[in-house]
Amino acid sequence: MLNRIYQWRPIRFRLKSQFLTPTFSLLFTKPSVSAANITSDDEPSDPVREILNKASTSKDLFGNHSVRTLIPTLNSLQVDQIIVNLGLEDPDSAIDFFYLLRNEYGFCGSRVSQFVIGHLLAGKRRLKELRTVLEQMLHEEGSGSAPSLSELLENRFRAWDSNDLVWDMLAFAYSRSEMVHDALFVLAKMKYFKIQASILTYNSLLYNLRHTHIMWDVYEEIKASGTPQSAQTNSIVIDGLCGQSLLQEAVAFLQENEGKESKALHCFIQYTYVKVLYNVLIHGLCIAGSMEEALELTDDMERHGVQPDVAGNIEEGFMLQEEMLSQGFQLNDIAYSVLLSSLCKRGQVGEALRLLHEMESTGLKPDVITYSILIHGLCKQGEVQEAIQLYNKMWLKRIFPNSFTHNAILLGLSEKGTLSEARMFFDSLTKSDLMENIVWFNIMIYRYAKVGKVREAVQLYEQIIEKGITPSTVTFNSLIYGFCKSRKLAEARTWLGMIKAHGLVPTDVTYTTLMNALCEAGNIRGMFEVFREMEARAVEPTNITYTVIIKGLCKQQRLQESLQLLEVMHAKGRSPDEITYNTLIHCFCKARDMRKAFQLHNEMLLHNLQPSPVTYNILLNGLCVNGDLNDADRFFSSLQDQNIRLTKVAYTTLIKAHCAKGDVCKADTLFRQMVEKGFEISITDYSAVINRLCKKNLTIKVKVFLHMMLSDGISLDQQICFVMLNAFRRVGDLTSEFELLAKMIKCGLLPD
DNA sequence: ATAGGGTTAG
């Protein structure tokens, strides 16, 4: 049967010269297999006889000086003669002689010598060495060599002890070397000679062929040959079927061949669940229109060796899942974790929590990993309180959090909670007996830096040094960021030096942070100096670095150069993102070039970049400031018509413009729209409108907005009250003035 | 077999 599978292409017998290293000035020029035409009966030539004589008289053949001097003069034929003769008398000497030639003279022996040694090793059950010798031979011969090697084995070694073992090992070695056709050929020969192949050889072949239909031929062959199967055999078949997306076949195979506790089943369940999950997610993303994410996920899937289904097989996936559940197949805890982690990555934490409960109700025990995945997911979604509840729950269950868990919580607290909350948790971590983690410090230092508390940041740095913890480049980057935020650029540069002093390397982030600060300070020359140092140190600029430079160029009105840099980015594959474009669009708006601004917006779409809400805010503001307000209105409406996501800023931008330019009715309408959309309205938003109305003495409208604001439950502040009082006074509206004064007294904004 | 983390640009 196996012969049928593989039709041999004509074999070209390859002449291979074998070389001793040139220092020994001897070439073996005989083709490898034809060199085999010797037997132990051939009359040995002189050096051969001499060495063999020495061997029979001396125990230590290779310590013998005259043997040593003879070796470099031997040719391939003579080596074969020695090994064959030694092998008959004293196998150990033959093996030692072979290793000596190989290790000290770089000579591997002819195929005959290798097979002789192979048989001797097989006889001594030194199977690993046997495999190595054969693998080396196959490595030298390459694929397609099975017929010639088989022929040699067949003609010259048929009667040798351990010949069966060598055949089997030859097939195994071919299979392991991924020369599958050769392995099949050897197997076919073995079958012809009625030599039983071992299950190891079969499994290896099965594994190599598991993604082809030939797998079944091998499988049938195993069954027919009566070779006892190993536990691995079925797992390989299942793995292969899953890899070929033949899930129904896999189920059928399991039902026929496996109990419910088997390894093959586990292999299957995990595979299927991951696959079903991926497909459901991809399907969902396609429907939601996030093709990019869907494609990303498909890549991810293929990287994990899972073939995605063509769209439409999702239903099948679900049915399969149900079928499996109805048959009493159970997910194990790890399969649940895989599922949970994928859901969390997609932001479907609620779904993940539901699964956690399902898991618990089926009697499975979530472990520290399960909990960490969930806690991390919750923190990423900003649901830190939920995460902390879960964290407490795992303590109650005596499942102890590890560094994964702690980092997630600290990061969540520092992002969503208050700084002092994060600090309390940080202190509790550093006070406990845990191994201290530089990442905890980095998180806190960055947070302090961000809010301008450089002193606290530096104190933490000093703690790091006192405790003997090694700071990372990120530590210094965050400190530099802090000094930049506090506009202490000279000190920021000092810390750049600290990186080097600690034997660390400044990164793109280091340089970009500094460059941005210099740019903000208007020191474009300084920015370019840092950029030159970055280049000199061969630190690759990122798209962020380029964006900063573009910002700098724009500041100096070097708009053409900034556009050129945009091209450079495209050319270098450092693709500009929406922030790059926003920066540029902002610059062109400022330069009152709305045409170019919109052209850049279109270019974004061409490059498949989704303009962000910020992009629209910039463009809207540009239209409000530079153009006709009607243009701004039209643009705004068209965005609304296309259901494009807008932020509150889009509304307030337009509202402010209408207030300032006098169309208060329009402003009023927009304001109500904004409220209806459910945006949270603050005193700043009301103040922005009221301020502008007061400036124009439109006190009637001021009273409308004041009323709206109070009924919205927003309390007054002193500043806006004085603005209104002045306006009421200017227009002579005494009643309103006194009413407002009374309100202020009530709120404690004025001493009565 | 199952998990991740800190820093830069509008």
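A note on names: the letters A, B, ... follow the listed sequences, proteins ahead of strands, and every chain is numbered from 1.
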Out of B:dG10, B:dT7, B:dA9, whichever nucleotide has its closest atom nearest the side chain of A:Thr583: B:dG10

Considering only B:dG4, B:dG10, B:dG5, which nucleotide approaches the side chain of A:Glu520 most closely? B:dG10

Atom-pair distance (CD1 on A:Ile373; P on B:dG5), nearest Å: 12 Å

Touch check for A:Ser472, heavy atoms < 4.0 angstrom, all strands: base, sugar-phosphate only, or nothing? base

Salt bridge (Lys or Arg N to Asp or Glu O under 4.0 Å) partners of residues 390-399 of chain A, not counting sequence neighbours, each pair once: A:Glu360-A:Lys393, A:Glu360-A:Lys397

Checking side chain to side chain donor-acceptor pair (under 3.5 Å) for the pair A:Arg423/A:Tyr448: CA distance, chi angles, key distance, verdict? CA-CA 10 Å; A:Arg423 181 59 193 250; A:Tyr448 280 126; 3.1 Å; yes

Go through the structure and list residues passing salt bridge (Lys or Arg N to Asp or Glu O under 4.0 Å) with A:Lys648, not counting sequence neighbours. A:Asp685

Below 3.5 Å, does any donor atom in the side chain of A:Asn402 face an acceptor in the base of B:dA3, or the other way round? yes

Check whether any side-chain nitrogen or oxygen of A:Lys485 sits under 4.0 Å from OP1 or OP2 of B:dT8, and answer yes or no. no

Across the strands shown, which category fits A:Glu415 at heavy-atom distances under 4.0 angstrom: base, sugar-phosphate, nothing? nothing

Less than 4.0 angstrom from a charged side-chain N to a carboxylate O is my criterion; do A:Glu533 and A:Arg537 meet it? yes

Send over the distance from A:Ile579 CD1 to B:dG10 P, rounded to a whole Å. 8 Å

Which listed nucleotide (B:dG10, B:dA3, B:dT8) is nearest to the side chain of A:Lys551? B:dG10

Proximal nucleotide (of B:dT7, B:dG5, B:dA9) relative to the A:Val439 side chain: B:dG5

Which is true for A:Ser403 with a 4.0 Å heavy-atom rule: it touches a base, it touches only sugar-phosphate, or it touches nothing? base

Distance test, side-chain N/O of A:Tyr481 to OP1/OP2 of B:dT8, below 4.0 Å: yes

Does the base of B:dT2 carry an N or O that pairs as donor and acceptor with the side chain of A:Ser337 under 3.5 Å? yes

Roughly, in whole Å, what's the span from CE in A:Met359 to P in B:dA3? 13 Å

For A:Tyr446, answer base if it contacts any base atom (sugar-phosphate contacts may also be present), sugar-phosphate if it contacts only those atoms, and nothing otherwise; contact means non-hydrogen atoms under 4.0 Å. sugar-phosphate

Does A:Lys345 have a side-chain nitrogen or oxygen under 4.0 Å from the phosphate oxygens OP1 or OP2 of B:dG4? yes

Examine the side chains of A:Ser575 and A:Asn543 and answer whether a donor and an acceptor come within less than 3.5 Å of each other. no

Spacing between A:Ile369 atom CD1 and B:dA1 atom P, to the nearest angstrom: 11 Å

Between B:dG5 (P) and A:Leu434 (CG): distance, integer Å: 20 Å

Under 4.0 Å, heavy atoms only, any strand: does A:Ser372 hit a base, just the sugar-phosphate, or nothing? base

Round to the nearest Å and state the distance from A:Leu374 atom CG to B:dG4 atom P. 12 Å

Aromatic ring centroids of A:Trp495 and A:Tyr461 under 6.0 Å? yes

Any base atoms under 4.0 Å from A:Asn437, or only sugar-phosphate, or nothing? Heavy atoms, all strands. base

Can you tell me which nucleotide in B:dG5, B:dT8, B:dG10 comes closest to the side chain of A:Asn407? B:dG5

For A:Phe531 and B:dA9, give me the distance from atom CZ to atom P, rounded to whole Å. 17 Å

Does B:dA9 have its OP1 or OP2 closer than 4.0 Å to a side-chain nitrogen or oxygen of A:Asn516? yes

Can you identify which nucleotide, out of B:dG10, B:dA3, B:dT2, has its nearest atom closest to the A:Asp367 side chain? B:dT2

Just to be sure I understand the rule, does A:Ser612 reach a base, reach only the sugar-phosphate, or reach nothing, if contact means heavy atoms closer than 4.0 Å? base

In plain terms, say whether A:Glu529 and A:Arg532 are close enough for a salt bridge, that is, a side-chain N and a carboxylate O under 4.0 Å apart. no

Expressed as a whole number of angstroms, how long is the span from A:Ile544:CD1 to B:dA9:P? 8 Å

